[in-house]
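So the structure is just underneath, and the comments pick up after that.
All ligand and atom numbering here is 1-based and tracks the order in the structure. Since we're looking at a predicted model, the values are computed, not measured.
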Amino acid sequence: MGKAKRRKQEQTMDLFPADAESGREAGSYEMLPSVWHGDDPPLLERMLDFYPRKPPKKILDATVNKGRFWERSSRPVTGLDIDPQHEPDVVGDCTAMPFPNGSFDVVVYDPPHIPNQGRDKIKDFNTRFGLGEKSSAVNGYNFTHLYPPFMTEAYRVLTPEGVLFCKITDYIHNHRYQWAHIEVVKAAVAVGFCPCDCIIKVRKGPIIDPRWNEAHHARRHHCYWLVFRKSKKCE
Ligand SMILES: C[S@@+](CC[C@H](N)C(=O)[O-])C[C@H]1O[C@@H](n2cnc3c(N)ncnc32)[C@H](O)[C@@H]1O
């Protein structure tokens, strides 16, 4: 695309953010907005059309749970989960995956993000989102230590130029802001991934701990979809 055409497209995005979000054709490609107000499945569908260099033949959801990401999808997805109660395609550990090298074109990762919760009996967060897992003091009461072994495995099972999508939520825990998305980027870069993009997904409601009377951090109304490529370059 020429400089003039690109600038015109950028101006269109500045002036008409709604058009940018709708993905309306403003240039020679369908845009993907960097802030997403909808659900995960339609966003994933757009991401799968947007980032892979060719239509993915094999997709791994490494933390599939009940497979809510794929309910209306016809994508070729293999679901992995460590917990057999979710009845994934494969029961296994995403930090030691039971797949040969280069098995998938895309890996999707939505790890448990808030450890040591579980007092909220009203919601079934524990089984739905894996929030029942515990993290010890040695691990800073967070799940950061799981990222490096997962990244090693994701890199191994991806084809060259394959892409990794990570849904990551920062949160407040143990009286500290937990910078999960930064830890994920660090772990990905350490194994050789090229960090390529970041989409902010706006949540319908913030995560609220029923024990909080007064909070001194902004309420988390968003999470991130981070995009990595097994390549030296993003584009
Ligand atoms: C946040 S949930 C995923 C939710 C899913 N994306 C959905 O929308 O239905 C995290 C899942 O990761 C699984 N999990 C936790 N540790 C794992 C591991 N080491 N290997 C594979 N799955 C794991 C949990 O059992 C849980 O089902």
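Between Arg68 and Glu71 there is no salt bridge, since none of the side-chain N atoms of the basic residue sits less than 4.0 Å from a carboxylate O of the acidic one. Salt-bridge formation is not detected for the pair Glu87/Lys66: no Lys NZ or Arg NE/NH1/NH2 atom is positioned less than 4.0 Å from an Asp or Glu carboxylate oxygen. A salt bridge is defined here as a Lys NZ or Arg NE, NH1 or NH2 lying under 4.0 Å from an Asp or Glu carboxylate O, and Asp105 with Lys230 fails to meet this definition. Between Arg220 and Asp170 there is no salt bridge, since no side-chain N of the basic residue sits under 4.0 Å from a carboxylate O of the acidic one.
By the criterion of a heavy-atom distance under 4.0 Å, neither the backbone nor the side chain of Asp40 is placed next to ligand 1. Only the side chain of His86 comes within 4.0 Å of ligand 1, judged by heavy-atom distances.
If you chain together hydrophobic residues whose side chains sit under 4.5 Å apart, Ile168 and Val191 fall into the same group.
Note on ligand 1: Leu80 sits outside its first shell, no heavy atom being nearer than 4.0 Å. For the ligand labelled ligand 1, residue Val64 lies inside the 4.0 Å heavy-atom shell.
Of all the atoms in ligand 1, the ones that sit under 4.0 Å from a non-hydrogen atom of Asp93 are 18 (C), 19 (N), 20 (N). Every atom of ligand 1 with a heavy atom of Asp83 under 4.0 Å away is listed here by number and element: 25 (O). Taking every non-hydrogen atom of Cys94 and a distance limit under 4.0 Å, the qualifying atoms of ligand 1 come out as 18 (C), 19 (N), 20 (N), 21 (C). Heavy-atom contacts of Ala62 reach the following atoms of ligand 1: 21 (C), 22 (N) (cutoff under 4.0 Å). Interface atoms of ligand 1 facing Pro112, defined by a heavy-atom separation under 4.0 Å, are 10 (C), 12 (O), 15 (C). If you number the atoms of ligand 1 from 1 as listed, the ones under 4.0 Å from a heavy atom of Gly92 come out as 20 (N), 21 (C).
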Practice problem: List the steps, then state whether side-chain contact (heavy atoms from CB on, under 4.5 Å) holds for His86 with Val64. | Solution: CA-CA 8 Å; His86 303 310; Val64 72; 5.9 Å; no

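Checked against a 6.0 Å centroid threshold, the rings of Tyr224 and His222 count as neighbours. Aromatic rings of Phe104 and Phe99 (six-membered ring for Trp) have centroids within the 6.0 Å cut-off, being under it.
Any N or O atom pair closer than 3.5 Å counts here, and Arg68 shares at least one such pair with ligand 1.
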